[in-house]
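Owing to the predicted nature of the structure, the values given are computational and were not obtained by experimental measurement.
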Amino acid sequence: MVMLCFWVFVCGFCCLLELGNTRPDGVNKVKLNEVPASWSNCGKNDLFVVTQLSFPSVITIPGSVTFSLKGNLKKDINSTIQSQLEVKKKVFGRWITIPCKNKIGSCFYNDICAVIHHITAKTCRFKQGEVSIPKTTIKIPKPSIPRFIYAGDYSITVKLTSRKQSVACLTIKFSLK
């Protein structure tokens, strides 16, 4: 569930990249620090706790991303889920928050269930117990803006709530190349 929200964001971010102009391969070489892929639960009393998450340290665009997730849901969720994303990019050694622009970046989404329903045709009814997303691969298209604009190290914190109760909080770090 949490990773689905994250990958919805990544796909949306890649769509935003289509707005610029294409440059020939090799023109926009950017050297990354390439942060090691990492994740952590950041909530204290969340209903959903991630126990296992697998994704690459470096995501190459264009390309494919394979990820998987396991976690435990402490009780049923039958209501709308809100999502707050905090997206940060490392610029000159400092983490800079990317503001929300056209629903991309550090944005609040009032009804993430509508997005989930649109993509998967499933509703936001989650049963207590183990939640698992098996290995899933998503293709990321070639952006049409210079690589130096999007390439770099990222930290994304996803906070999910339902009826003012914390559902999940997850921070992940990775690099785009």
(request) Say whether, by atom type as modelled, one donor and one acceptor occur between the side chain of S106 and the main chain of P99 under 3.5 angstrom. (result) no
(message) Just by distance, no angles: are the side chains of T137 and T66 close enough, under 3.5 Å, to form a donor-acceptor pair?
(response) yes
(request) Verify the neighbour count for atom NZ of K75: are there more than 12 heavy atoms of other residues, nucleotides or ligands below 6.0 Å? (result) no
(message) For the CD atom of Q82 and the SG atom of C113, what is their distance to the nearest 0.5 Å?
(response) 8.0 Å
(message) Between F126 and V131, is the side chain to side chain contact (heavy atoms under 4.5 Å, CB included) condition met? List the steps.
(response) CA-CA 9 Å; F126 301 98; V131 175; 5.8 Å; no
(message) I'd like to check the side-chain hydrogen bond (donor to acceptor under 3.5 Å, both in side chains) partners of T97; sequence neighbours left out, ordered by chain and number.
(response) none
(request) State yes or no: do I156 and V49 share one hydrophobic cluster built from I, L, V, M, F, W and Y residues joined by side-chain heavy-atom distances below 4.5 Å, directly or via other members? (result) no
(message) Quick check: do V58 and K177 have side-chain heavy atoms less than 4.5 Å from each other?
(response) yes
(request) Look at the side-chain heavy atoms of Ile, Leu, Val, Met, Phe, Trp and Tyr, link any pair under 4.5 Å apart, and say whether L176 and F148 land in one connected group. (result) yes
(request) Could you check L73 against L47 for side chain to side chain contact (heavy atoms under 4.5 Å, CB included), going step by step and ending with a plain yes or no? (result) CA-CA 6 Å; L73 184 59; L47 295 178; 4.1 Å; yes
(message) Taking side-chain hydrogen bond (donor to acceptor under 3.5 Å, both in side chains) as the definition, give me every residue that meets it alongside N41, ordered by chain and number, with sequence neighbours left out.
(response) none
(message) Tell me the closest heavy-atom pair linking Q128 and D76, and the distance in Å.
(response) N-OD1, 2.7 Å
(message) Any heavy-atom pair between the side chains of L170 and L53 that's under 4.5 Å?
(response) yes
(message) On a heavy-atom basis, which atom in S57 and which in A37 lie closest, and how many Å separate them?
(response) OG-N, 2.7 Å
(request) Kindly write out the residues that satisfy side-chain hydrogen bond (donor to acceptor under 3.5 Å, both in side chains) with S79, not counting sequence neighbours, or none if the list is empty. (result) S162
(request) State, with a plain yes or no, whether a side-chain heavy atom of P56 is found less than 4.5 Å away from one of V65. (result) yes
(request) Only pairs at least two apart or in different chains count here, so list each disulfide bond (SG atoms under 2.5 Å apart) that has a residue in residues 57-109. (result) C100-C107
(request) Could you grab the distance from atom OG of S64 to atom CD1 of I140, nearest 0.5 Å is fine? (result) 8.0 Å
(request) Side-chain contact test, heavy atoms from C-beta onward, threshold under 4.5 Å: evaluate it for V50 versus W39 and give yes or no. (result) yes
(message) For a 4.5 angstrom cut-off between non-hydrogen side-chain atoms, does P134 reach S68?
(response) no
(message) Show me the pairs that pass disulfide bond (SG atoms under 2.5 Å apart) and involve residues 59-89, at least two apart or across chains.
(response) none
(message) Using side-chain heavy atoms (C-beta onward) and a distance below 4.5 Å, is I98 in contact with E86?
(response) no
(request) Hey, can you tell me if F174 and F55 have their rings parallel, tilted or perpendicular (30° and 60° cut-offs)? (result) perpendicular
(request) Using the rule that two of Ile, Leu, Val, Met, Phe, Trp, Tyr join whenever any of their side-chain heavy atoms come within less than 4.5 Å, decide whether I149 and I61 are in one cluster. (result) yes
(message) I'd like to check D46 versus V167 (side-chain heavy atoms, cut-off strictly below 4.5 Å). Are they in contact?
(response) no
(request) Working to the nearest 0.5 Å, report the span between CH2 of W95 and OG of S155. (result) 5.0 Å
(request) Report the distance from atom CD of Q84 to atom OH of Y109, rounding to the nearest 0.5 Å. (result) 9.0 Å
(message) Test of understanding: with side-chain hydrogen bond (donor to acceptor under 3.5 Å, both in side chains), list the residues that count as partners of T171, not counting sequence neighbours.
(response) T157
(request) Heavy atoms only: give me the nearest G43-C169 pair and the separation to one decimal. (result) N-CB, 3.4 Å
(request) Answer yes or no: is there a side-chain heavy-atom contact under 4.5 Å between L160 and S83? (result) yes
(message) Can you tell me how far apart SG (C42) and CD1 (I172) are? Round to the nearest 0.5 Å.
(response) 11.0 Å
